[in-house]
Amino acid sequence: MILTRGARATGAVLCAVLAVIVAGWLVRDIRAADDFGPLWRYWAGYYDARLPMLPTTSAYDVVLLVVYLCAAVAALRSSVAAAVLVATGAVTIVLRLPGLWNIGESRMNARFTDDLRTRALLCAFAALAAGIALIITAGAGRRAARDFSERLPARPGQGAGVIAFLLLGAAGAVVIAWEIRQAVRIPDIYPDWIVGGERVMQGLIDPPPGWFSAVLVLLCLFAGVSGLPRAVHARPFGLIAAALLLVGGVLGVVRAVHYELLDHFGDLHVEDQLTVLTGFFEVIAGAVVLLALARPGPEAPPAPPHQGYGQGYGIPQPGVFGPPPPSQPPPGW
């Protein structure tokens with residue numbers, strides 16, 4: 001199944017709207033910080049980061065901006081446009097949903113102005129509406145290919161599917177393990193860690209940290225499992241999961257370098273060593289999966305235009321149209 005031209009154009013417009021929303025918040029934070037340097041230190045998780053105003057975004061919003069721009073282009077040009085729109089819409093919905101109950105909470109009053117929170121809430125509703133519209137557009141705009149000139153949705157290659165299964169599955173398991181470890185060590189921060197509350201810090205438009213981790217785990221496991229049978233949707237979901245993994249790993253490695261943890265790696269506690277290694281693993285896993293899934297697999301051979309025609313050239317085959325050939329010659333031959 002492929003998308004109609006109208007559905008492609010609609011999907012591209014919706015992705016562009018989402019990109020504009022995220023870009024507006026990123027520009028606001030850069031201007032509020034007076035320079036990108038302090039904002040980057042905050043995004044990277046430096047303990048000494050100082051900003052005149054608390055940012056509304058995180059580094060993952062930059063990933064979403066890139067996802068929306070790529071999805072807008074893919075909606076117009078890619079053979080997997082329907083799967084791209086569904087993946088983009090689903091990720092948008094699950095990441096923006098917590099804003100509906102977090103943005104208006106009293107704890108946000110001391111951090112952000114009423115005008116800013118009102119705009120953030122309106123943007124959250126707009127993003128959710130656009131995400132739902134993307135999924136509806138992908139479903140309603142599908143049609144069967146008319147002829148061989150229209151490309152069918154490209155599946156990931158066999159090797160790419162196996163790589164996605166192994167690396168994304170392992171990454172999901174690693175994130176789950178760290179979440180379990182944190183729940184054992186710091187149980188007091190729950191359930192705020194997942195749904196938001198006074199005991200966690202988050203950007204105005206971003207989900208709570210635990211919610212984001214849960215979304216990342218689901219993305220990794222879903223895309224990884226879908227990679228083995230080479231499902232069409234494995235590529236867009238896997239690419240988004242890999243991009244989020246890559247950025248998270250880069251931030252972890254940057255922190256390790258900034259605080260000179262690599263220079264004293266042998267002196268670190270085992271858990272700190274595992275934290276550093278996790279950052280490098282996420283960088284490697286994210287980069288490898290991105291490279292593996294970026295290229296589509298070999299196209300499936302097109303089905304013949306009509307059953308019963310030899311090799312697709314319109315040559316009738318015996319026994320399909322008309323009586324079957326006789327098993328014995330007629331009398332008198």
Search all heavy atoms of [X] against all heavy atoms of [Y] and return the closest pair with its distance.
X: Leu221; Y: Gly172; result: CD2-CA, 4.4 Å
X: Ala231; Y: Arg155; result: CA-NH1, 3.8 Å
X: Phe112; Y: Leu116; result: CD2-CD2, 3.8 Å
X: Ala23; Y: Leu65; result: CB-CD1, 4.2 Å
X: Ala127; Y: Thr92; result: O-CG2, 3.5 Å
X: Leu85; Y: Ala7; result: CD1-O, 4.3 Å

Tell me which donor-acceptor pairs under 3.5 Å the side chains of residues 243-251 have, and how far apart each pair is, sequence neighbours excluded?
none

Non-neighbouring partners of Glu271 that pass salt bridge (Lys or Arg N to Asp or Glu O under 4.0 Å), sequence neighbours left out: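 Residues passing salt bridge (Lys or Arg N to Asp or Glu O under 4.0 Å) with Glu271: Arg181, Arg185.
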
Report the distance from atom [atom1] of [X] to atom [atom2] of [Y], rounding to the nearest 0.5 Å.
X: His269; Y: Leu274; atom1: NE2; atom2: CG; result: 9.5 Å
X: Ile205; Y: Asp61; atom1: CD1; atom2: CG; result: 4.0 Å
X: Leu128; Y: Cys123; atom1: CG; atom2: SG; result: 11.0 Å
X: Leu14; Y: Leu134; atom1: CG; atom2: CG; result: 4.5 Å
X: Phe265; Y: Asp267; atom1: CZ; atom2: CG; result: 11.0 Å
X: Leu228; Y: Gln158; atom1: CG; atom2: CD; result: 8.0 Å

Are [X] and [Y] grouped together when hydrophobic residues (ILVMFWY) are joined by side-chain heavy atoms under 4.5 angstrom apart?
X: Leu95; Y: Val20; answer: no
X: Leu18; Y: Val73; answer: no
X: Leu239; Y: Val162; answer: no
X: Val288; Y: Ile240; answer: yes
X: Phe165; Y: Val217; answer: no

CZ (Arg31) with more than 12 external heavy atoms under 6.0 Å: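 Counting other residues, nucleotides and ligands, CZ of Arg31 stays at 12 neighbours or fewer.
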
Check for a donor-acceptor pair, side chain of [X] on one end and backbone N or O of [Y] on the other, with a separation under 3.5 Å.
X: Trp193; Y: Arg199; result: no
X: Asp29; Y: Thr56; result: yes
X: Arg255; Y: Ala44; result: yes
X: Asn102; Y: Pro98; result: yes
X: Arg8; Y: Ala81; result: no
X: Arg235; Y: Ala294; result: yes
X: Glu282; Y: Ala171; result: no
X: Arg230; Y: Pro156; result: yes

Stepwise side chain to side chain contact (heavy atoms under 4.5 Å, CB included) check, Leu204 with Leu54: CA-CA 9 Å; Leu204 181 61; Leu54 191 63; over 6 Å; no

Test log, rule side chain to side chain contact (heavy atoms under 4.5 Å, CB included), inputs Gln202 and Trp211: CA-CA 11 Å; Gln202 68 189 77; Trp211 184 283; over 6 Å; no

Verdict with supporting geometry, Leu64 and Val91, side chain to side chain contact (heavy atoms under 4.5 Å, CB included): CA-CA 9 Å; Leu64 288 179; Val91 170; 4.2 Å; yes

ILVMFWY cluster membership beyond Leu76 - transitive side-chain contacts under 4.5 angstrom: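 Leu76 clusters with nothing; isolated.
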
Residues Ser58 and Tyr42: side-chain donor-acceptor under 3.5 angstrom: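 No pair is found: no donor N or O on one side chain lies under 3.5 Å from an acceptor on the other.
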
Stepwise side chain to side chain contact (heavy atoms under 4.5 Å, CB included) check, Ile21 with Tyr68: CA-CA 10 Å; Ile21 292 175; Tyr68 293 144; over 6 Å; no

Aromatic plane relationship, Trp43 with Phe36 - under 30° parallel, 30 to 60° tilted, over 60° perpendicular: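 It falls in the perpendicular class, over 60°.
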
Asn109 vs Ser106 side-chain heavy atoms within contact, under 4.5 Å: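 Yes, at least one pair of side-chain atoms sits under 4.5 Å.
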
Heavy-atom side-chain proximity of Asp192 to Pro208 below 4.5 angstrom: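 Asp192 does not reach Pro208 side chain to side chain.
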
Arg96 and Asp206: CA distance, side-chain angles, deciding distance, salt bridge (Lys or Arg N to Asp or Glu O under 4.0 Å) verdict: CA-CA 7 Å; Arg96 297 311 184 198; Asp206 291 319; 3.7 Å; yes

Looking at residues at least two apart in the chain, or sitting in another chain, which of them share a ring-ring contact (aromatic ring centres under 6.0 Å, His included) with [X]?
X: Tyr60; value: Phe212
X: Trp25; value: none
X: Phe281; value: none

Single hit among Thr88, Leu168, Leu219 for side-chain contact (heavy atoms from CB on, under 4.5 Å) with Phe237: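 Between Phe237 and the candidates, side-chain contact (heavy atoms from CB on, under 4.5 Å) is satisfied uniquely by Leu219.
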
